[in-house]
Each structure stands twice: as structure tokens, then as C-alpha cells.
Amino acid sequence: MKGLAIGTAAAVSLLLAVGGAVAEEPVDVEILAGTCAGCHGAELQGAGAVPRLRGHSADYLRFTLQSFKSGERPATVMDRLARGYRDAEIEALALYLSELE
Amino acid sequence: MREITRRGFGRTLAGTAAAAATASALAPFTFSPRAARAAASAHVVVVGGGFGGATAAKALKRAVPEMRVTLVEQNAQFVTCPYSNLVLGGWRELDSITHSYDALRERWGIEVVQARAAGIDGEARTVTLEGGESLSFDRAIVSPGIDLRLPGEGGIEGYDEAAWEAMPHAWKAGPQTSLLRAQLEAMEDGGTFVIAAPPNPFRCPPGPYERISLIAHYLSTQKPNSRILLLDSKDSFSKQGLFTAAWERFYPGMIEIRLLPDDGKVVRVDPAAMELETEFGEIHRADVANVVPPQWAGRIARESGLAAESGWCPVEPTTFESSLVPGVHVVGDASIAAPMPKSGFSAHNQGKAAAAACVALLAGEAPANPAWANTCYSHVAPGYAISVAAVYRVEEGAMTAVEGAGGLSGADWDDGQRQLEAAYADGWYRSITEDMFG
């Protein structure tokens, strides 16, 4: 199992522990959130028809991202993207984004 | 069922995020106090002020405001290739896709130097400018984009720099965009627009086909007897099924497609005669010709030892540090990052990852393990756009597309979904340019 932050380079890292199996590499959630800014605005405040991400509750963000990932929620691109992220990454993103004022 | 250990996770997250939130700006990454101190006294030079470079420069400053960041860019303003097809189609004017570096200077404190870089020396850790001035760096991020290959460099016979006036490539936006648009406006109804599309790898895989779409729209509304001929050096192209279906619907009978197996590869051009010759000797005459030749990494990368024999720059996938020159990162179109496409979205993503890696490496810490995404939108008709998306990770030392994620817009989607994609594309353009230059 790896430490919470590899060399503390990314203070907000994830840790996946699978009983007995090899842990996955942690991914810096803030780099993930940086990707979102490409469509959702430099401050994740939204842009035109693309919705705002900051300031939503973690529950809403988690539910929405999981619904995109499962295909339950109709989408154009978010389902295709959400399927690329692990549950723990979605959890971390939801918590991280909800903390932004 | 995976378990997520949360030893202090929630607390750590809240503590860190609170720090980020009080800055009331989205910090792309945070670091240990030791890392921030080490980075604060460093000087990072970024070469190239586009999707990779402008993003990287700003990301560095967001993370460590005290760091000295110099951005070397040859042009006074940046005209985006993305959305330049909309200018060609008459949907937008060039100023709407032209961006100033003022905010990077004034708001973010980046030293934006308008100059051409003449050389990058990885050992001496210097960037030399065309005036002779030398900039010392602790680390460098190079995002030089592409250059069009000339005859003798693997380009197309007859397609030298002089030919760019008669037959624009418009594969670097700005004056070439305006030139091609002017030629289309001057073309008479009934004329033929020929576009020669390059072999892989090249900047913006769906670009030539969005261009055909926008020009087809213009011609169908203003000059409906005109024709478009695609001469392609490839046997298939990005989002091909989606494009061709939409062309059938919106521009029936206007566009002729000649792919590689149908003698689509252009091997020679005669700009004076406005002729393009394909592999098996057929000569096509154009009223307006757009030649997009084979490409390679921007000159500064090739002349500084950053490029391999292929003409593109090999990098370590987690950090985008050059495999050939330590201390120098290469991002964007110039880098070998396949399967990530050579797109503005990719370059923006890579710029942020390289900036994060720089800060970590300056502090002697291990860089974080990134994930990246790409979404390429293409407008096909007003209120009708399509996209291709993917998520990427480094797996076993190689850049890998995540299986089960990504893919194309649906072939059978309704007009409402196409309209949403067009609106989202506009949102993407606004967001990414704001993130780069705002």
C-alpha cells in the first residue's frame, strides 16, 4: 500500500486498498479537476450551456457523475468521460468541487 | 468490491481545499510547503504561447505565485486554430478567435517576451532568443506546435513557402485563415474547392473534415453550384461515418471524397496553374485549393535536439519530460503522446500536467500520476455538431486510452442532441480560451 501522498507532492491523493491485491496508482484529484476547466470554465463556473461545477454539494456531484458513469442519466459526452474515472476518483472530485466557494 | 481507506482523507481534503478556496481561484494542484518553497525561487521558461504553453505558464503561476515564469512567444496575439474553420465558413470574424497576452502579464505576473526562440540548451539550461538574449532556466516547458514540411523534408513537391500564398494551408491560424476566406469569397459560383488532407500523424485529426463542413455550408447557401473535392492521403479519417452521413443530409451531391485507395494522395502541386497531382498521375484543377501537407514538430524543438528521427518529440508520459533532453518538457502537437490526439484539448491538459510535474521535480519530489481526457468537437452545420472523446492514463509506462470509456457521438442521435453538442462546443471554446488567457 502506498502512503496517502507520494512524497507529499499531491496533498489530495487517493488511496485504493484492495484486500490482498495490488493497490492502484493514486491520481492527483486536482489535476483531474484541471481537465474539467477545459469545458466548464477556468474557475469551473460554467460557460454558456456547459454547467457550473463549483459550489454544488458533494452528494449532487457524486450522484451526477455516477449517473453519467452508469448511463442512467442521458448525456452527450459526460457518460463517455465519466466511464474513464474510478469510483474513488469520482468521490474525490465530488468532495473537492463541493469545497470550492 | 474495492475498499477506500480514508485515514484522515476527509480531513486532509477539507484542509487542502479550504486553502485553495480562500484563494477564490481553482488551484490546479497544491504542494507540500517544502515543494512550494523550492519552486518559489525557481525560474521556469515556457517556449510557445498556445494551447500548451499559455496553459502551462498560467498553471505554474496559479500553483506557485512567487515563481518566476517567462513565456517566449513570437506573435503579439494568439489566433486559435480551433474555431478558425468557423471563420472560413463565415460564422465568426477573426477577432473573435484572437487572444491577447495582457492578462497573463498583468493579472498573473508572467513575463511574456515577444520573440522567437533560437535555441534551447538542456545542459547549460538556457533559452537563446533571436536577438541574442539568453534566458537561464531551472526547468523549461516547450510547446512549439507544428511546422508544415517543405519539399525535400517529406512535404509535397511544389508546395514550398511561396506556394502558401496561392494555395493556403491555413493550418496555422491568422493571416492564412484570412487569405483562404478571401479566396473563397472571391470564388465564383460553380467553382471547385479542393482540399488535400495529410497522412497521420498531423495536427487536429477531425480538422480538415470540419473545414469541409463549414465551407460546404457557406457554398451551399451562397454559391450552390460549387463543388468540393477531398483528396486524402489516408484510407480513413476521424469521425468519418458521422461526417459523411451529415454531408449526405446537409450538402448532398456537393462533396466528392477520394481517399488513399482511390488515388487520393497528392504528390505534387503547381500553384501557378492551380493544379494538384495525385499518386497515379491524375491532375485536378482547383479554383480554390487548401493544401494541408505532412507535418512535424515546430522548428525550435527540432533544432534543439528535442525531436527524434520521426520529426516528433519523445517524452516520458507521466511528466512529459523530454526523453532526449532532461530538464525540458515538451507538450502539445510537437510531442509524441499517442494515443492522445494532437488537439488543443490535449495540449491544454498536457500543459497542466507538465506544470505540475515541474513544480514537483523542482522540489525533488515524485510527480503525481495524472489522468487526461480529450474531447474534440466538430461543427458540421448550424446547430449540429459531433464529438469524439477519450480518457487516458499511463499504464505500464505507456500512455493508454482507458477501455470502456470515450468514443464517438451516436450515429443515430436526434437533432436535439446534435444541437446540444454544438452549444457545448461553444462552451468549450469559451472555457478553454478563458483558462489559457484570462
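The sequence lines fix the lettering, A, B, ..., with proteins before strands; numbering per chain opens at 1. Computation of the quantities below employed the complete heavy-atom set of this structure, encompassing side-chain atoms and omitting hydrogens, waters and symmetry-equivalent molecules.
- The most heavy-atom pairs under 4.5 Å with chain A, out of B:Val391, B:Val402, B:Ile432, come from B:Val391.
- Summarising the geometry, atom CD belonging to A:Gln45 is positioned 6.5 Å from atom OG belonging to B:Ser431; distances are rounded to the nearest 0.5 Å.
- Interface residue B:Tyr424: backbone and side-chain heavy atoms are both found under 4.5 Å from chain A.
- Rounding to the nearest 0.5 Å places OG1 of A:Thr76 at 8.0 Å from CD of B:Gln417.
- Residues of residues 77-85 of chain A placed with any heavy atom under 4.5 Å of a heavy atom in chain B are listed by number as A:Val77, A:Arg80, A:Leu81, A:Arg83, A:Gly84, A:Tyr85.
- To the nearest 0.5 angstrom, B:Trp372 atom CH2 is 11.0 Å from A:Leu32 atom CG.
- Contact annotation for B:Ala401: neither backbone nor side-chain heavy atoms come within less than 4.5 Å of a heavy atom of chain A.
- Annotation: the span from A:Cys39 atom SG to B:Arg430 atom CZ amounts to 12.5 Å, rounded to 0.5 Å.
- When atom types are taken as modelled, the side chain of B:Glu434 and the backbone of A:Gly41 share no donor-acceptor pair closer than 3.5 angstrom.
- Contact annotation for B:Tyr429: neither backbone nor side-chain heavy atoms come within less than 4.5 Å of a heavy atom of chain A.
- Contact of B:Asn349 with chain A is made through the side chain alone, with heavy-atom distances under 4.5 Å.
- Closest approach of B:Ala371 and A:Ile31 over heavy atoms only: O-CG2, 4.3 Å.
- Contact count against chain A (heavy-atom pairs under 4.5 Å) is highest for B:Gly406 among B:Ala423, B:Ala390, B:Gly404, B:Gly406.
- Both the backbone and the side chain of B:Ser409 come within contact range of chain A, with heavy atoms under 4.5 Å apart.
- For residues 56-73 of chain A, heavy-atom neighbours of chain B at less than 4.5 Å comprise no residues at all.
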- Message: side-chain contact (heavy atoms from CB on, under 4.5 Å), that's the test. Do B:Lys352 and A:Glu30 meet it? Break it down for me.
- Response: CA-CA 10 Å; B:Lys352 289 191 172 183; A:Glu30 288 173 318; over 6 Å; no
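- Comparing B:Leu408, B:Asp426, B:Leu420 by heavy-atom pairs within less than 4.5 Å of chain A, the highest count is held by B:Leu408.
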